[in-house]
Amino acid sequence: MVTSQTPERSRRRRGRGADAPPKPCRGVNYRQLKNPFPQMEVFPADHMADMHDTALRMLQELGVRVLLPEARRIFAKAGAKVDEDSEMVFIGHDIVEAAVASAPKSIACQAGARHRDFTLELGSLVFQPGAGAPNATDLERGRRPATGQDYLEFLKLTHHFDVFQMISPQVEPQDVPTHLRHYFTTRAQMELTDKFPFFFSRGTPQVTDCFEMLSTARGLSDDVFRANPHCYTIINTNSPRTLDIPMAQGLIDFARYGQMSIITPFTLMGAMAPITVAGAITLSHAEALAALTLTQLTNPGAPVCYGTFTSNVDMKSGAPAFGTPSHFQASLAAGQLARHLGLPWRSAAGSASNSNDVQAANENQFGLWGCLMAGATVIIHSAGWLEGGLTVSFEKLVCDAEVLNMVAELCAGAQAGRDEIGFDTALAEVEPSGHFFASSQTMARYNTEFYQPHLHDYANFGTWTERGSVDANHRATGVWKDILANFEPPDQNGDGLAALETFIARRTQEGGAPPES
């Protein structure tokens, strides 16, 4: 292993900087959110039924290319027509419908601590930061290939913000060898956070290593591990209509062990999908159904999250575009299909901007609200994503987390009981033309009633100028640096972590595990 990148286990509280703001007195719990927003529909119900029927027709008549022989055998055993020469699999309506019926409609996800557990089902809401980028960027160190240190720092930031319930793959630690990288990222997740972890599907040897490391670190028996999902992976189909070897193997491996797959066809309109929203979402739906069917044929009842990642390309350059009207509409259509199936589902925000500027903020928020109005269960890339996924920005993660916190506040719901109305403690205390600053209700609630921003500055222009006229982007630098300087990992199972170190040392000595099936 690369020992210089091993996470620190210090329990010592570091001193806060002299300029750091005091910790807020207001407690929050953004861990089990429910989406309170009315769900929009972009297409009429009969059009959505046509899209679903067309997807089923595609699977039966056009088929899906499945590159993994084991996956083709599983499909064939269930009655699908398989052409071994072309590697095409033709899946009948009845097989797909039976798979959808067996897929759980509610998934109880168990994190490293019970207060971090959550349930994925229609109506629930979970956020993840930007994921899977090869580069990292911040205002002080610039844009660079991501390193192990970047991975650790993003992991700490993800743990810090309560609004992120799941750990994402964040950035690729490219200075850690690929056959050892899963040891580094799993150790970091077991040591630095007690949130729900992510493992890549990069071949059975790496996946089973990760399952054993998680079980060892958290003291889980094999039966307990298999009883509920304790981790998840993301499965991307190769659009159009291809399921490659590592993704098919990942679906099988995670299903066999009862762990969760989030299925995500990556369909860009006009590139690897039809140019229309309806055509692209129909293709995405078919691919998601094919992948979902494989999980249920492997292990009926295996936890699986329906998903889509559909936006348009810039037809001038061919580059992905996010936060566009078509992206918004695609999210709404995916939500309609997910509700038709009754399954929890994943959507995404994100930005194609090259820097943390107003374009980045506009695109991320527009994409985010598309997910919210569509009723997405899991929203990936909700913070930090730039360049269409090539980079995660430290400053943008902080800026976007502010917006997510505000959304979480709305999810908590406003109260209107007697205490909130305040006839005796506010309305009756204040004379006409008076003020409520000193009312009993205000004095009891002034520290806790309103959301307290970690980034936004509500000072007037004069005060802001006197403080140096620092904009939000540069204030965000101070926020993430302060979080990292004062980070303390949660209490973990010491014996489990020691056993984890022994396992990693042994497997490293044995040569690790290459990312192949």
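Each residue takes its place number in the sequence, starting with 1. Below, each value reflects all heavy atoms present in this structure, side chains not excepted, and no hydrogens, waters or symmetry copies. Values in this document were obtained by computation on a predicted structure and should not be read as measured data.
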Exercise. Between E287 and T237, do the side chains contain an N or O donor and an N or O acceptor separated by less than 3.5 Å?
Worked result: yes
Exercise. If you look at every heavy atom in A321 and A352, which pair is closest and at what distance?
Worked result: CA-CB, 4.2 Å
For this session: Using the ring of F164 (Phe, Tyr or Trp, six-membered ring only), decide whether R31 places NZ or CZ under 6.0 Å from its centre and within 45 degrees of its axis.
Result: no
Exercise. Taking the six-membered ring for Trp, is the centroid-to-centroid distance between Y458 and F450 below 6.0 Å?
Worked result: no
Seminar exercise, completed: The side chain to side chain contact (heavy atoms under 4.5 Å, CB included) partner of V64 among L294, L289, T293, L59 is L59
For this session: For residues A401 and A383, report the shortest heavy-atom separation together with the two atoms involved.
Result: N-CB, 4.3 Å
Exercise. Would you say the side chains of T267 and T310 form a donor-acceptor pair under 3.5 Å?
Worked result: yes
Exercise. Do you see a donor-acceptor pair shorter than 3.5 Å between the side chains of Y30 and Q165?
Worked result: no
Exercise. Going by atom types alone, do T193 and Q189 pair a side-chain donor with an acceptor below 3.5 Å?
Worked result: no
Problem set entry | Flag for S124-T377: side-chain donor and acceptor within less than 3.5 Å | no
For this session: Assess the side chains of R346 and T264: does a donor N or O sit below 3.5 Å from an acceptor N or O?
Result: yes
Exercise. What are the two closest heavy atoms between N364 and S382, and how far apart are they?
Worked result: ND2-O, 3.0 Å
Seminar exercise, completed: Closest non-hydrogen atoms of H327 and A348, given as atom of the first, atom of the second and distance, are NE2-O, 3.1 Å
For this session: Begin from the C-alpha positions of T298 and L251 and carry the test side chain to side chain contact (heavy atoms under 4.5 Å, CB included) through to its verdict.
Result: CA-CA 9 Å; T298 301; L251 288 167; over 6 Å; no
For this session: Output yes when a side-chain donor or acceptor of H456 lies under 3.5 Å from a complementary backbone atom of A472, and no otherwise.
Result: no
For this session: Return yes if a side-chain donor-acceptor contact under 3.5 Å exists between T204 and Q249, otherwise no.
Result: yes
For this session: Of all the heavy-atom pairs spanning E121 and K105, show the shortest one and how long it is.
Result: CB-O, 3.5 Å
For this session: Examine distances only and state if a side-chain atom of Q492 and a backbone atom of M190 form a donor-acceptor pair shorter than 3.5 Å.
Result: yes
Problem set entry | D244 (side chain) donor-acceptor with M247 (main chain) under 3.5 angstrom | yes
Problem set entry | Working for side chain to side chain contact (heavy atoms under 4.5 Å, CB included), residues L33 and F118 | CA-CA 9 Å; L33 301 178; F118 56 87; over 6 Å; no
For this session: Check L214 against P197 and note the closest heavy-atom contact, atom names and distance.
Result: CD1-CG, 3.6 Å
Exercise. Between CG of L497 and OG1 of T216, what distance do you get to the nearest 0.5 Å?
Worked result: 10.5 Å
For this session: Before giving the answer on side chain to side chain contact (heavy atoms under 4.5 Å, CB included), spell out for H454 and V398 the whole-Å C-alpha distance, their side-chain angles and the decisive distance to 0.1 Å.
Result: CA-CA 8 Å; H454 61 258; V398 170; 3.8 Å; yes
For this session: State the CG-OG1 distance between N356 and T137, to the nearest 0.5 angstrom.
Result: 9.5 Å
For this session: Begin with the C-alpha distance, continue with both residues' side-chain angles, and end with the deciding distance and a verdict on side chain to side chain donor-acceptor pair (under 3.5 Å) for S351 and E363.
Result: CA-CA 5 Å; S351 169; E363 289 174 342; 2.7 Å; yes
Exercise. NZ/K34 to CG/L122 distance, rounded to the nearest 0.5 angstrom?
Worked result: 10.0 Å
Problem set entry | Criterion ring pair (Phe, Tyr, Trp, His ring centres under 6.0 Å) against H381, the qualifying member of F127, F309, F266 | F309
Exercise. Should the pair F328 and F366 be assigned to parallel (<30°), tilted (30 to 60°) or perpendicular (>60°) ring geometry?
Worked result: tilted
Problem set entry | Residues in salt bridge (Lys or Arg N to Asp or Glu O under 4.0 Å) contact with E420, at least two apart in sequence or another chain | R445
Exercise. If only atom types and distance count, is the side chain of H160 paired as donor or acceptor with the main-chain N or O of W480 below 3.5 Å?
Worked result: no
Exercise. Are the side chain of S284 and the backbone N or O of A280 linked by a donor-acceptor pair below 3.5 Å?
Worked result: no
Exercise. Out of curiosity, L292 CG to C305 SG, how far, rounded to the nearest 0.5 Å?
Worked result: 10.0 Å
Problem set entry | Main-chain N/O of P134 paired with Q174 side-chain donor or acceptor, under 3.5 Å | yes
For this session: May I ask you to decide if V224's main-chain N or O and H230's side chain share a donor-acceptor pair within less than 3.5 Å?
Result: yes
Problem set entry | Neighbour count >12 (heavy atoms, 6.0 Å) for atom CZ, F37 | yes
Exercise. Looking just at side-chain N and O atoms, do T324 and N312 make a donor-acceptor pair shorter than 3.5 Å?
Worked result: yes
Exercise. Taking everything shown except D495 itself, do over 12 heavy atoms lie less than 6.0 Å from its CG?
Worked result: no
Exercise. Is the side chain of R116 donor-acceptor paired with the backbone N or O of F196 at a distance under 3.5 Å, no angle test?
Worked result: no
Problem set entry | Polar side-chain atom of W345 near backbone of G375 as donor-acceptor pair, under 3.5 Å | yes
For this session: Starting from the C-alpha separation in whole Å, work towards a yes-or-no answer on side chain to side chain contact (heavy atoms under 4.5 Å, CB included) for F199 and Q259.
Result: CA-CA 10 Å; F199 299 143; Q259 303 307 299; over 6 Å; no
Problem set entry | Cationic N near anionic O, under 4.0 Å, K481 to E395 | no
Exercise. Only one of F211, F198, F200 clears ring pair (Phe, Tyr, Trp, His ring centres under 6.0 Å) with F254; which?
Worked result: F211
Without placing hydrogens or testing angles, list every side-chain donor-acceptor pair under 3.5 Å for residues 108-115, not counting sequence neighbours.
unit_1 : atom_1 : unit_2 : atom_2 : d
R114   : NE     : D117   : OD2    : 2.7
R114   : NH2    : A111   : O      : 2.8
R114   : NH2    : D117   : OD1    : 3.1

Problem set entry | Inter- and intrachain pairs under salt bridge (charged side-chain N to carboxylate O under 4.0 Å, His left out), touching residues 209-219, at least two apart | D209-R507
